Amino acid sequence: MVTVNKVRNTRETKIDMTLSIRAKEKGLQGSTGIGFFDHMLNSFCIHGGFAIKLDMQGDLQVDGHHTVEDVGIVLGTLFKEALGDKGGIKRFGHSYVPMDESLAFCAVDISGRPYLVYDVPVTAPMIGDYDAQLTVEFMRALAYNMGATLHVKLEYGVNEHHITEAVYKAVARALSQAMEETDGEILSAKGVL
């Protein structure tokens with residue numbers, strides 16, 4: 001298990017987050033103040049094998065944008081720190097996740113080259129107090145701060161709750177696969193990532 005911590009304070013959010021990879025006790029401890037986002041982060045942790053301890057305050061009187069994006073920034077930064085030179089991991093991962101009528105796909109390359117391809121239409125604007133448009137903002141912040149190439153695609157789906165949950169789980173499972181341990185070498189023809 002690898003555990004890292006980061007504190008990030010801005011005028012919009014105050015975040016103290018601890019991330020554990022390959023955690024024995026998986027899940028989210030703490031709250032963002034956005035119920036559905038907490039549900040997604042907890043699912044992300046459980047299906048990825050991660051544990052997040054979170055103490056935060058966000059400017060939710062404005063909306064959820066800064067909270068969701070900044071959690072993605074900090075989480076991506078923690079993954080990058082935890083993986084170091086990326087030696088000893090598989091580097092690539094992919095996953096299909098069904099959620100009732102919805103099917104989401106994710107492929108990831110933990111390459112040091114941040115990029116996001118996100119092909120997930122929004123079918124409803126809100127899921128409880130969570131703005132469905134913010135999923136792409138979270139994924140972009142995660143990919144760019146982690147240094148990962150992330151491709152996310154909705155194969156099909158109707159219900160926004162199911163779509164979003166399938167997306168978070170697919171990303172978590174793909175990341176977990178890419179972080180699986182190997183013999184210690186850096187998987188790159190260049191010798192560095």
Side-chain angles (χ1 to χ4, degrees), residues 1-9 13-58 60 64-84 89-90 93-100 102-106 108 110 120 126-132 134-143 145-146 148 150 152 159-181:
M1 182 171 72
V2 177
T3 301
V4 287
N5 174 264
K6 180 167 181 59
V7 175
R8 181 179 188 267
N9 293 323
T13 61
K14 297 184 183 339
I15 299 175
D16 183 344
M17 185 187 295
T18 301
L19 168 69
S20 296
I21 298 174
R22 293 181 281 278
K24 291 180 183 176
E25 293 190 25
K26 301 171 273 296
L28 172 69
Q29 291 181 18
S31 177
T32 64
I34 303 171
F36 184 78
F37 187 42
D38 291 347
H39 176 46
M40 292 301 95
L41 290 173
N42 189 58
S43 290
F44 178 88
C45 288
I46 289 170
H47 291 276
F50 313 126
I52 294 174
K53 186 175 180 184
L54 177 65
D55 183 15
M56 81 164 294
Q57 296 175 342
L60 296 178
H65 190 286
H66 301 138
T67 294
V68 173
E69 182 178 42
D70 289 7
V71 166
I73 288 169
V74 173
L75 184 57
T77 302
L78 288 172
F79 274 125
K80 184 175 184 177
E81 181 182 332
L83 295 173
I89 62 167
K90 285 187 173 179
H94 64 278
S95 180
Y96 280 96
V97 171
M99 180 78 182
D100 294 352
S102 301
L103 180 66
F105 171 74
C106 176
V108 64
I110 304 175
V120 182
M126 298 296 290
I127 311 165
D129 54 354
Y130 178 82
D131 183 345
L134 296 181
T135 305
V136 66
E137 300 299 331
F138 173 82
M139 297 301 171
R140 183 179 298 112
L142 178 69
N145 287 276
M146 182 177 180
L150 192 62
V152 183
N159 181 285
E160 190 65 38
H161 183 130
H162 298 159
I163 290 167
T164 304
E165 190 161 347
V167 163
Y168 272 92
K169 288 176 179 177
V171 172
R173 291 180 61 84
L175 284 173
S176 181
Q177 185 181 95
M179 292 178 195
E180 286 178 12
E181 294 176 322

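Nothing here was measured: the structure is a model prediction, and the numbers come from that model.
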Test ring pair (Phe, Tyr, Trp, His ring centres under 6.0 Å) applied to Y168 and F36, step by step
CA-CA 12 Å; Y168 272 92; F36 184 78; 7.7 Å; no
Keeping to residues at least two apart or across chains, list the salt bridge (Lys or Arg N to Asp or Glu O under 4.0 Å) pairs with something in residues 25-46.
none
Heavy-atom count around K14 NZ within 6.0 Å, excluding the residue itself: above 12?
yes
Has D129 got a side-chain atom pairing as donor or acceptor with I34's backbone, closer than 3.5 angstrom?
no
Please identify which of these residues, T77, V71, I73, L175, meets the side chain to side chain contact (heavy atoms under 4.5 Å, CB included) condition with L142.
L175
From OG1 (T135) to CG (D131), nearest 0.5 Å:
8.5 Å
Contacts satisfying salt bridge (Lys or Arg N to Asp or Glu O under 4.0 Å) that involve residues 68-79 (not counting sequence neighbours) are R8-D70
Filter on salt bridge (Lys or Arg N to Asp or Glu O under 4.0 Å), then keep only pairs touching residues 167-179, sequence neighbours left out; what's left?
E165-K169
CG on L19 to OG1 on T3, rounded to 0.5 Å:
7.5 Å
Looking only at non-hydrogen atoms, find the nearest pair between A104 and V167 and report the distance.
CB-N, 3.7 Å
The test is side-chain contact (heavy atoms from CB on, under 4.5 Å); show your working for M1 and K24 and say whether it passes.
CA-CA 8 Å; M1 182 171 72; K24 291 180 183 176; 5.5 Å; no
Does Q177 use its side chain to pair, donor to acceptor, with the backbone of H94 at less than 3.5 Å?
yes
Whether F138 and F44 hold their rings parallel, tilted or perpendicular, with breakpoints at 30° and 60°:
perpendicular
